[in-house]
Amino acid sequence: MRFDVVTIFPEFFDTLDISLLGRARRGGTVSWAIHDLRDHTHDRHRTVDDTPYGGGAGMVMRPEPWGEALDAILDDPVDDPLVIFPSPAGEVFTQAMARELSAESHLVFGCGRYEGIDQRVVDHTAARARTRLVSIGDYVLNGGEVAVVAMLEAIVRLVPGVVGNPESLVEESHEAGLLEYPSYTKPQEWRGLPVPEVLLSGNHRAIAEWRHRASLERTKRVRPDLLPPDETPHA
Ligand code: JBK
């Protein structure tokens, strides 16, 4: 997988080189480039934003630097890139979307700041490449950078060959549609708190049942929206 990120804060992505993504890059499974939007400005102040037409608070990112930056990435389409603009107005990012995106060969992320990017950038991009607005949740961020780091962490670990043991991908939380069961390790008793007896029993069937019930109870309590309708607790 190849990805490109356009941002006014390239340093935000320095963390990508540590842990899993860094290892994937060194191993050749994943490659990426981070592009500074301001490299595509031509005024002395390297201006990327301006006041909104129609009035209102905040600033909007001007289209010209975006046009240039995206031209440089999209102009020789040897592959079929998917462009993602993180936005609170987008479709919600889920594990299912992460899995879908992990099968792409080329992702391009455009990180908006301020009140967003001039809509014509999105429209113009959509006319030449597959383009999606994606939100990581209903809260206010200062820009798309943190959203892209979160999405990449979820996506890249699903790229074949990135996570060493594919089994560790299967059992995890959202993949099964329920929240993860609680985990324990040594010591057997800590500050007077024991590990649940069943986990020490060696009875694999009993352990699997206990874990499933714990997952179900946790999900009912904190995320009933994840349960199929027939398992939703009555109000
Ligand atoms: C939010 O992806 N997001 O969720 C996002 C991107 C940019 C700004 C935002 O406030 N929520």
Side-chain angles (χ1 to χ4, degrees), residues 1-16 19-21 30 32-41 46-67 69-70 73-74 81-104 106-126 129-159 173-175 179 222-223 225-226:
M1 170 182 283
R2 157 81 186 186
F3 62 85
D4 290 277
V5 180
V6 181
T7 172
I8 56 167
F9 293 119
E11 325 84 77
F12 241 105
F13 298 90
D14 288 352
T15 56
L16 293 186
S19 85
L20 199 74
L21 273 84
V30 175
W32 67 80
I34 310 299
H35 311 269
D36 188 342
L37 182 69
R38 289 192 203 277
D39 290 347
H40 298 280
T41 57
R46 311 185 89 200
T47 310
V48 293
D49 63 323
D50 216 321
T51 54
Y53 278 123
M59 300 290 267
V60 177
M61 295 187 108
R62 292 174 59 103
E64 307 96 316
W66 278 104
L70 291 169
I73 296 166
L74 300 174
L82 173 64
V83 184
I84 294 173
F85 293 102
S87 162
E91 17 164 6
V92 176
F93 186 77
T94 60
Q95 185 65 21
M97 195 190 294
R99 181 156 295 284
E100 195 187 313
L101 297 180
S102 71
E104 293 284 341
H106 188 184
L107 297 174
V108 178
F109 294 94
C111 300
R113 281 262 146 184
Y114 316 106
E115 303 307 303
I117 306 170
D118 188 301
Q119 180 62 32
R120 291 169 292 180
V121 173
V122 177
D123 297 343
H124 186 265
T125 304
R130 290 177 299 134
T131 301
R132 293 168 83 164
L133 299 191
V134 179
S135 166
I136 62 161
D138 294 333
Y139 32 77
V140 178
L141 302 173
N142 288 326
E145 284 78 5
V146 166
V148 170
V149 171
M151 287 190 257
L152 281 172
E153 190 157 317
I155 295 164
V156 173
R157 60 190 293 285
L158 298 175
V159 172
S173 252
H174 287 267
E175 206 80 45
L179 298 184
V222 302
R223 293 294 306 280
D225 58 295
L226 294 177

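Read the numbers this way: they start at 1 and go in the same order the structure lists the ligands and their atoms.
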Would you call Glu104 and Arg130 a salt bridge, taking side-chain N to carboxylate O under 4.0 Å as the test? yes

Between Asp225 and Arg223 (salt bridge meaning N to carboxylate O under 4.0 Å), is one present in this structure? yes

By number and element, which atoms of ligand 1 are closer than 4.0 Å to a non-hydrogen atom of [X]?
| X | answer |
| --- | --- |
| Ala147 | 2 (O) |
| Gly137 | 4 (O), 11 (N) |
| Val134 | 2 (O) |
| Gly143 | 7 (C) |
| Val140 | 10 (O) |
| Pro86 | 2 (O), 6 (C) |

Using a heavy-atom cut-off of under 4.0 Å, does the side chain or the backbone of Ser135 touch ligand 1, or both, or neither? both

Do me a favour and list the nearest non-hydrogen protein atom to [atom] with residue, atom name and distance?
| atom | value |
| --- | --- |
| atom 10 (O) of ligand 1 | Leu141 N, 2.8 Å |
| atom 2 (O) of ligand 1 | Ile136 N, 3.2 Å |
| atom 11 (N) of ligand 1 | Tyr139 O, 2.8 Å |
| atom 8 (C) of ligand 1 | Pro88 CD, 3.6 Å |

Examine distances only and state if a side-chain atom of [X] and a backbone atom of [Y] form a donor-acceptor pair shorter than 3.5 Å.
| X | Y | value |
| --- | --- | --- |
| Thr47 | Asp49 | no |
| Arg132 | Ile84 | no |
| Thr131 | Ala129 | yes |

Under 3.5 Å, which donor-acceptor pairs link side chains of residues 54-66 to any protein atom two or more places apart or in another chain?
| from | atom 1 | to | atom 2 | distance (Å) |
| --- | --- | --- | --- | --- |
| Arg62 | NE | Glu64 | OE1 | 3.3 |
| Arg62 | NH1 | Asp50 | OD2 | 2.9 |
| Arg62 | NH2 | Glu64 | OE2 | 2.6 |

Please determine whether any non-hydrogen atom of Asn142 lies less than 4.0 Å from an atom of ligand 1. no

Is it the case that atom NE2 in His106 sees more than 12 heavy atoms from other parts of the structure closer than 6.0 Å? yes

Contacts table for residues 145-152: side-chain donor-acceptor under 3.5 angstrom, sequence neighbours left out:
| from | atom 1 | to | atom 2 | distance (Å) |
| --- | --- | --- | --- | --- |
| Glu145 | OE1 | Arg113 | NE | 2.9 |
| Glu145 | OE1 | Arg113 | NH2 | 3.0 |
| Glu145 | OE2 | Thr7 | OG1 | 2.7 |

